[in-house]
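Heads up: the structure comes next, in structure tokens.
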Amino acid sequence: MPWKSMIVNSLNEAFAAAGAAAWGGLPFSELAADMTAESVQKAEELCPTPKTVLVAAFPYYAGEREGNLSLYARGLDYHTVVTGRLNTICNFLSEKYENSRFLPGADNSPLPERQAAWRCGVGLRGKNGLVIVPPYGSYVFLGTILTDAELDLPEHTPAPDCIGCGKCLSACPGGALGERGVEVSRCLSELTQKKGALTAEEASLLKAHPLIWGCDRCQQVCPYNSAPALSPLPEFREGLVDSLAPADLEGLTNRTFRAKYGDRSFAWRGPAPLRRNLEL
Ligand code: SF4
Ligand code: SF4
């Protein structure tokens, strides 16, 4: 079997074993077209002479469950889970390309993960700015691997756009979505995570919002999410924290809060924004 087919077959197996629903790869130079000069510089600081970016999608949907936390935040912290799973791919590739670096990232690297996924055809481009990977819908976490190895990957085709029904635009409580994309400052997911005082307008938006962390509205109304497949990953299916009540946070200092919830992605801002949102 030619070397190129061997590598692609091996990567197919390795990504499937790591729990990825889909993966793709593209030259760093192509992705750089979607990056600011500052992001390119940061990527080059991590990996001088970057050549290839791999991107993968990991499903997290755990079924219909009551709760006041966004669905993405109920399982273990996706940064840790996705990085750990990508590390298995990095180890596999490091054995084959001994002199190269392989750097995993999950929502914490300078690489634009969504653009990488769209460009590689990993998932459809949703009007809500998300990557849609049927049958898991947009309930996926993305992770990337940046490397200075010139991997011989197959031709990639950019994913098509979603059907463009517009339901996410009309359902967005913050008016954050428009034909030109997402206005992050109006997104309630961002607002719930904001530190410090809120403006009167922000506070009234959160008062009318059912979640104290994140916002799932544009995902819930999306036809691709009408019957999403369950995640096969136990980190996102078991031991979930669906809700927080004031009593759960009572008396916790920053340190004891981290001891209790430090393995969750909603913990990164400490207990203060959660308490404020609960009060609202
Ligand atoms: S997460 Fe909520 S506020 Fe943000 S774009 Fe989607 S619907 Fe709008
Ligand atoms: S709700 Fe409609 S327009 Fe929005 S992402 Fe889903 S399919 Fe696309």
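One is the number of the first residue; the rest follow in order along the sequence.
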Do you reckon [X] sits in the same ILVMFWY cluster as [Y], going by side-chain contacts under 4.5 Å, direct or chained?
| X | Y | result |
| --- | --- | --- |
| Leu153 | Leu93 | yes |
| Phe28 | Val55 | no |
| Leu86 | Leu11 | yes |
| Leu69 | Tyr78 | yes |
| Leu142 | Leu111 | no |

Donor-acceptor contact below 3.5 Å, side chain [X] vs main chain [Y]:
| X | Y | answer |
| --- | --- | --- |
| Asn108 | Gly105 | no |
| Arg237 | Ser231 | yes |
| Arg125 | Ala159 | no |
| Arg114 | Gly129 | yes |
| Thr144 | Glu113 | no |
| Asp148 | Thr49 | no |
| Arg65 | Leu240 | no |
| Arg85 | Ala20 | no |
| Glu30 | Pro27 | no |
| Asp34 | Ala116 | no |

So, do [X] and [Y] sit near enough that their side-chain heavy atoms are less than 4.5 Å apart?
| X | Y | answer |
| --- | --- | --- |
| Leu280 | Leu198 | yes |
| Phe257 | Leu274 | yes |
| Tyr139 | Val133 | no |
| Asp242 | Glu66 | no |
| Ser189 | His209 | no |
| Pro50 | Glu44 | yes |
| Leu151 | Leu54 | yes |
| Leu146 | Ser109 | no |

Drop me the distance from [X]'s [atom1] to [Y]'s [atom2], to the nearest 0.5 angstrom.
| X | Y | atom1 | atom2 | answer |
| --- | --- | --- | --- | --- |
| Leu211 | Phe266 | CG | CZ | 13.0 Å |
| Leu206 | Glu279 | CG | CD | 12.5 Å |
| Asp161 | Trp118 | CG | CH2 | 9.0 Å |
| Leu103 | Thr83 | CG | OG1 | 11.5 Å |
| Asn91 | Phe102 | CG | CZ | 10.5 Å |
| Cys90 | Arg101 | SG | CZ | 13.0 Å |

Would you say Glu150 has more than 12 foreign heavy atoms packed within less than 6.0 Å of its CD?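 Result for CD/Glu150: open.
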Over all atoms of both residues, closest heavy-atom pair of [X] and [Y]:
| X | Y | value |
| --- | --- | --- |
| Val122 | Ala57 | CG1-CB, 4.1 Å |
| Val82 | Gly143 | CG1-CA, 3.9 Å |
| Asn277 | Thr192 | ND2-O, 2.9 Å |
| Ser10 | Phe92 | CB-CZ, 3.2 Å |
| His156 | Gly25 | ND1-O, 3.6 Å |
| Val140 | Val131 | CG2-O, 3.9 Å |

Let's go through Ser138 and Asn225 carefully: what are the C-alpha distance in whole Å and the side-chain angles of both, what is the deciding distance for side chain to side chain contact (heavy atoms under 4.5 Å, CB included) to 0.1 Å, and is it a yes or a no? CA-CA 7 Å; Ser138 55; Asn225 290 337; 2.8 Å; yes
Per-pair distances, 0.1 Å, donor-acceptor, side chain in residues 176-183, under 3.5 Å, sequence neighbours excluded:
unit_1	atom_1	unit_2	atom_2	d
Glu179	OE1	Lys127	NZ	2.7

Stepwise side chain to side chain contact (heavy atoms under 4.5 Å, CB included) check, Glu238 with Leu76: CA-CA 9 Å; Glu238 295 164 10; Leu76 291 178; over 6 Å; no
Identify which one of Leu71, Val81, Leu233 satisfies the side-chain contact (heavy atoms from CB on, under 4.5 Å) criterion when paired with Tyr60.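 With Tyr60 as partner, side-chain contact (heavy atoms from CB on, under 4.5 Å) holds for just one option, Leu71.
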Whether Glu190 and Lys194 form a salt bridge (side-chain N of Lys/Arg under 4.0 Å from carboxylate O of Asp/Glu) is what I want to check.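 Between Glu190 and Lys194 there is no salt bridge, as every charged N stays at least 4.0 Å from the carboxylate O atoms.
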Let me see the working for Trp23 and Ile145 under side chain to side chain contact (heavy atoms under 4.5 Å, CB included), right down to the final yes or no. CA-CA 11 Å; Trp23 73 278; Ile145 295 173; over 6 Å; no
Would you list the pairs meeting side chain to side chain donor-acceptor pair (under 3.5 Å) in which at least one residue belongs to residues 256-266, sequence neighbours left out?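 Sorted pair list: Thr253-Thr256.
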Polar side chain donor-acceptor pair, Trp213 to Asn68, under 3.5 angstrom: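 No - no donor-acceptor pair under 3.5 Å links their side chains.
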No-hydrogen, no-angle side-chain donor-acceptor test under 3.5 Å, Asp216 and Ser70: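 Note: Asp216 and Ser70 side chains meet the donor-acceptor criterion.
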Are Phe236 and Phe58 close enough that their ring centers fall under 6.0 Å?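 Between Phe58 and Phe236, which both carry aromatic rings, the centre distance is not below 6.0 Å.
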Report the hydrophobic cluster partners of Ile132, with the cluster defined as I, L, V, M, F, W, Y residues connected by side-chain heavy atoms closer than 4.5 angstrom, directly or transitively.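 Besides Ile132, the cluster holds Leu124, Ile163, Tyr224.
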